[in-house]
Amino acid sequence: MASTAPADLFQWSDDFNVNIQEVDEQHKVLVDLLNQLHRAIMEHRGKAASRVILDQLADYTRTHFLLEESLMRVLHYPGLEIHKQQHEDLIKQIHELQHKLDHENVTITFELLHFLKMWLIQHINESDKRFGDFFAKSQNLQQYQTWNKEVEQTMTKKKWWWKFW
């Protein structure tokens, strides 16, 4: 009898897109890592295996948060400080969990997975989408898009000196 893989904890849908390509791609990686952690627990792979995935999730989360905050800073997003505080609060909670896993005899539970899933869903659907809307309307971005089209047109025109490159 073939065993079936456990269902994913978090099913990605385009409804979660914030319409910033890099942010959406990184969200998908976060969802995948959360699902990997879920599978490790469902398959009873042990505390060490779960901890490795949790560490990957924590590291990638920090990287993702830096990208979002950098974009917000560049575009002078008025909600940056609140958004950054939400990020810092989650990172602090993950650090506390890592500490408990190392120094107290606790394990990663389904309640924790549910918390991470719900935090991510709420954060994407509220805070990140609010920034996505701001990003789409940003004058700085519109100027960049115009500049980018000019560069693209210039680069596609054949130049006589290109044959030397």
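- Checking side-chain atoms of K117 against main-chain N and O of L9 turns up a donor-acceptor pair under 3.5 Å.
- By the criterion of side-chain heavy atoms lying less than 4.5 angstrom apart, applied directly or through intervening Ile, Leu, Val, Met, Phe, Trp or Tyr residues, I108 is grouped together with I91 in one hydrophobic cluster.
- Atom CD of E22 is separated from atom NE2 of H64 by 9.5 Å, given to the nearest 0.5 angstrom.
- Nearest heavy-atom pair across L37 and S50 is CD1-O, 3.4 Å.
- A distance-only check finds no donor-acceptor pair linking the side chain of D8 to the backbone of N35 [under 3.5 Å].
- Contacts of H99 classified as ring pair (Phe, Tyr, Trp, His ring centres under 6.0 Å), with partners at least two apart in sequence or in another chain: H103.
- None of I124, T63, T61 except one satisfies the side-chain contact (heavy atoms from CB on, under 4.5 Å) rule with L30; the exception is T61.
- Once rounded to the nearest 0.5 Å, the distance linking CG of D133 with CG of D128 reads 11.0 Å.
- Nearest heavy-atom pair, V18 versus D24, reported as atom, atom and distance to 0.1 Å: N-OD1, 2.7 Å.
- D14 is linked by a salt bridge (Lys or Arg N to Asp or Glu O under 4.0 Å) to nothing, counting only residues two or more places apart in sequence or in another chain.
- A donor-acceptor distance shorter than 3.5 angstrom exists from the side chain of K47 to the backbone of L101, with no hydrogens or angles considered.
- Partners of Q56 under the side chain to side chain contact (heavy atoms under 4.5 Å, CB included) rule, at least two apart in sequence or in another chain, are L33, Q36, V52, I53.
- Every ring pair (Phe, Tyr, Trp, His ring centres under 6.0 Å) that Y77 has, sequence neighbours left out, goes to F131, F134.
- Taking the charged nitrogens against the carboxylate oxygens, E81 and K84 have no contact shorter than 4.0 Å, which rules out a salt bridge.
- Within the 4.5 Å cutoff, side-chain heavy atoms of Q85 are placed close to those of D89.
- Taking I94 as the reference, A58, L90, Q98 meet the side chain to side chain contact (heavy atoms under 4.5 Å, CB included) condition, with sequence neighbours excluded.
- Heavy atoms only, all atoms of each residue included: N17 and K129 are closest at O-CE, 3.5 Å.
- For the pair G132 and I20, the tightest heavy-atom approach, listed with the atom from each and the gap, is CA-CD1, 4.0 Å.
- In the hydrophobic clustering of ILVMFWY residues, with side-chain heavy atoms under 4.5 Å counting as a link, V29 and L66 come out apart.
- With sequence neighbours left out, the ring pair (Phe, Tyr, Trp, His ring centres under 6.0 Å) criterion links H123 to H83, H87, W119.
- Expressed to the nearest 0.5 Å, how far CG of L120 lies from NE2 of H27 amounts to 6.5 Å.
- Residue L113 is tested with M118, M42, H38 for a side-chain contact (heavy atoms from CB on, under 4.5 Å); the sole match is H38.
- Here the closest heavy-atom approach between residue D15 and residue N125 is recorded as O-OD1, 4.2 Å.
- Taken to the nearest 0.5 Å, the CD atom of Q26 stands 4.5 Å off from the CG atom of L67.
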Exercise for the section: Evaluate the ring pair (Phe, Tyr, Trp, His ring centres under 6.0 Å) criterion for residues F16 and F10: first the C-alpha distance (whole Å), next the side-chain angles of each, then the deciding distance (0.1 Å), finally the verdict. Expected result: CA-CA 11 Å; F16 294 113; F10 190 140; 5.1 Å; yes
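- Two residues are said to be in side-chain contact when any heavy atoms from C-beta on lie closer than 4.5 Å; L57 and L116 meet this criterion.
- When all heavy atoms of S127 and Q86 are compared, the closest pair comes out as OG-OE1, 2.7 Å.
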